[in-house]
Amino acid sequence: MQSFTLIDIRDRSDEVFNQAAAAPVLLTQESQPTYVLLSIYDYRQLIERLDSLEDRALGKLAELSRNQSQMVGTETFTTELTRLAALDNRNL
């Protein structure tokens with residue numbers, strides 16, 4: 001990744017922006033990375049990829065939750081309630 005200082009933006013803006021049109025550019029201040037400059041095309045691709053990865057992660061989480069679910073059908077539920085009521089009636 002090409003690197004420029006924040007002062008370079010002021011003094012060499014055409015070069016900095018031309019480079020950013022081709023690939024993301026790292027901007028530094030006092031030798032420390034402070035910003036990344038990238039084209040709108042690269043930004044949109046980054047956001048689309050992030051959205052896609054989030055969707056995949058949420059889908060996997062939903063699938064995992066469904067697979068680990070302890071939910072039972074209505075018939076099983078009512079049968080179990082009837083069984084528990086019969087046990088309770090015997091204890092009275």
Side-chain angles (χ1 to χ4, degrees):
M1 180 182 304
Q2 183 74 33
S3 179
F4 293 93
T5 67
L6 292 179
I7 294 171
D8 289 334
I9 288 191
R10 183 187 66 209
D11 297 339
R12 300 166 42 199
S13 63
D14 286 345
E15 181 183 351
V16 173
F17 286 107
N18 285 337
Q19 182 65 36
V25 169
L26 179 66
L27 301 177
T28 63
Q29 183 174 22
E30 298 176 5
S31 300
Q32 296 298 313
T34 53
Y35 300 95
V36 174
L37 182 64
L38 61 150
S39 70
I40 191 66
Y41 175 79
D42 288 340
Y43 173 77
R44 286 181 177 151
Q45 279 193 315
L46 185 64
I47 294 302
E48 286 175 13
R49 178 155 182 173
L50 178 61
D51 287 343
S52 175
L53 290 171
E54 286 176 338
D55 289 347
R56 289 164 102 191
L58 289 173
K60 293 222 180 267
L61 183 59
E63 183 179 349
L64 179 64
S65 295
R66 187 189 71 224
N67 290 340
Q68 293 178 349
S69 175
Q70 297 291 324
M71 293 180 62
V72 295
T74 304
E75 185 177 321
T76 303
F77 179 72
T78 54
T79 301
E80 186 63 15
L81 281 180
T82 303
R83 186 185 73 75
L84 291 173
L87 288 175
D88 192 45
N89 285 337
R90 282 192 263 162
N91 293 332
L92 291 176

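Numbers here are sequence positions counted from 1.
In terms of heavy-atom proximity, Thr28 sits nearest to Ser3 at CG2-OG, 3.6 Å. Closest heavy-atom contact between Phe4 and Val25: CD1-CG1, 3.3 Å. Taking both residues in full, the closest heavy atoms of Asp42 and Ala23 are given as OD2-CA, 4.3 Å, listed atom of the first, atom of the second, then distance. The minimum heavy-atom distance between Leu6 and Tyr35, with the atom names listed, is CD2-CD1, 4.0 Å.
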Verdict with supporting geometry, Arg10 and Ile7, side-chain contact (heavy atoms from CB on, under 4.5 Å): CA-CA 5 Å; Arg10 183 187 66 209; Ile7 294 171; 3.5 Å; yes
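The CD1 atom of Ile40 sits 8.0 Å away from atom CG of Leu38, with the distance rounded to the nearest 0.5 Å. Distance check, rounded to the nearest 0.5 Å: CG of Leu27 to CD of Gln2 gives 10.5 Å. In this structure, the separation between CG on Leu84 and OG1 on Thr79 is 11.0 Å, given to the nearest 0.5 Å. Annotation: the span from Asp51 atom CG to Leu46 atom CG amounts to 10.0 Å, rounded to 0.5 Å. Between the CG atom in Leu37 and the CG atom in Leu26 there is a gap of 10.5 Å [rounded to 0.5 Å].
Met1 and Tyr43 end up in the same hydrophobic cluster when Ile, Leu, Val, Met, Phe, Trp and Tyr side chains are linked at under 4.5 Å.
Counted within 6.0 Å of CD on Glu54, heavy atoms from surrounding residues, nucleotides or ligands total more than 12; the atom is thus considered enclosed.
In terms of the salt bridge (Lys or Arg N to Asp or Glu O under 4.0 Å) criterion, residue partners of Arg12 (sequence neighbours excluded) are, by chain and number, Asp8, Glu15.
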